[in-house]
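Below is one structure; the comments refer to it alone.
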Amino acid sequence: MTPRHTILLTGGLGYIGSHTAVALVEAGYRAVILDDLSNSERSVFDAICQICGDEHLEFIEGDVTDAACLKTVFEAHDFFGVIHFAAKKSVAESEADPLSYLHTNLSGLVELLRAMDTAGVYNLVFSSSATVYGDQEVFPIPETATRHAVNTYGYTKVASEEMLERVGTADDRWSFGVLRYFNPIGAHGSGLIGENPKGIPANLLPYIDRVATGELPELVVYGDDYDTPDGTGVRDYIHVMDLAEGHVQSLDAIDATGQGHVVNIGTGQGYSVLEVIKAYEAVSDIEIPFRIAPRRAGDVAVYCADASLARDVLGFQAKRDLFEMCRTNWAWTQKMAEAKTA
Ligand code: NAD
Ligand code: UD1
């Protein structure tokens, strides 16, 4: 079958990009992945091909901050649009090494936009984050809530969104689909791709995975004195395949209307840390030992999307529940553990 369009995925071998590559190919697109492998492995490309065939997939190793590399990539392809995942994403690291975050996340975006402009490609879906809402406690959070950065990583997302607005205002050929992800978790149902953070994970689900396999002794729950039903933090977890399909819907909407959008991508439903532990235990049949510790600096009690705009503008609605998120996370974790011992 001839693909509908060819899409460039920067950072497409990472956690969200790899799942989106699968969703794109399954929706009839051709996906060209550009990744410098700074936070992923080449084997992820083989896994993506195993899931959806290699006919409409291509991998190029390269750096999105490298103008010469981008020029070559754009000259060799006829892209309908780009999904820009490539970025650094650790809050703690962004505080310790702000310059490298400003370089990758902001210079990378500028170089990409320049290369797109030169090539006459004006459709971009951008990986933004709920972190642009900072630490405000408005729930659920609508897209109209004010943006404010509480760390350098967050600053790069706020600044990226502002840059896109300025570029779009100056030239109306641009269409930007800005997707503000809430908390993506889970893995592809095949167990062949998923999240695989290097070192000790900072985020909840990857940490629980390591406790479930016995690599880490217990989960540390950061605070049980929040103003939430059980006192632990509540987040809007979204299955990564729902999120991946949201990117396809974003591109489809740009294709159909020629208009951009700025939308939250969440479920609109929050779960506490203790609820996540219970769901994980139910699907894995493994007890997750935990202890309560003081609150983590920078955390808020509840972070939940108002998901109505994405539904209205993109027709987006998450389909997979918390058990499916935990089940697929656990299946992927088991496959990785098996591969390590093989
Ligand atoms: P990830 O680290 O798994 O994937 C990012 C990919 O980009 C990696 O494969 C990495 O090798 C690649 N990359 C990094 N710098 C690059 C460069 N200069 N040139 C080319 N490739 C480069 O991260 P992810 O979780 O898949 O996140 C993807 C995007 O979504 C990021 O922009 C991130 O900020 C954003 N986001 C993620 C989350 C989350 O919870 N995972 C939440 C909100 C927003
Ligand atoms: C964190 C980042 C956020 C980033 C997001 C996705 C901080 C303060 N926030 O969000 O900027 O966009 O990841 O990468 O780092 N928890 C525990 N024990 C753990 C880990 C987490 O109890 O070991 C709790 C947290 O307190 C929180 C919930 O689990 O209530 C989810 O935490 P996490 O997965 O780190 O996501 P966020 O805090 O939402």
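Please read these numbers as outputs of a predicted model, since none were measured by experiment. First listed ligand is number 1; within each ligand, the first listed atom is number 1. If you read the sequence from its start, that first residue is 1, and numbering goes on from there.
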If the contact criterion is a heavy-atom separation under 4.0 Å, does [X] count as touching ligand 1?
X      : answer
Leu37  : yes
Gly62  : yes
Lys157 : yes
Ser128 : yes
Pro184 : yes

For Asp63, the ligand 1 atoms whose distance to one of its heavy atoms is below 4.0 Å: 17 (C), 18 (N), 19 (N)
Per atom 19 (C) of ligand 2, closest listed option by heavy atom (Tyr222, Tyr226, Phe290): Tyr222
Proximity winner for atom 35 (C) of ligand 1, if only heavy atoms of Ser127, Ser107, Ser18 are counted: Ser127
Side-chain H-bond candidate by donor/acceptor type, Ser127 with Tyr181, under 3.5 Å: yes
Ser100-Asp97 side chain donor-acceptor pair, cut-off 3.5 Å: yes
At a non-hydrogen distance cut-off of under 4.0 Å, which region of [X] contacts ligand 2 (side chain, backbone, both, or neither)?
X      : answer
Asn151 : neither
Ala202 : backbone
Asn203 : both

Candidate list Leu251, Thr6, Val121, test side chain to side chain contact (heavy atoms under 4.5 Å, CB included), partner Phe80, passing option: Leu251
Nearest non-hydrogen protein atom, atom 19 (N) of ligand 1: Val64 N, 2.9 Å
Nearest non-hydrogen protein atom, atom 3 (O) of ligand 1: Tyr15 N, 2.9 Å
Contact partition for Thr104 relative to ligand 1, non-hydrogen atoms under 4.0 Å: side chain
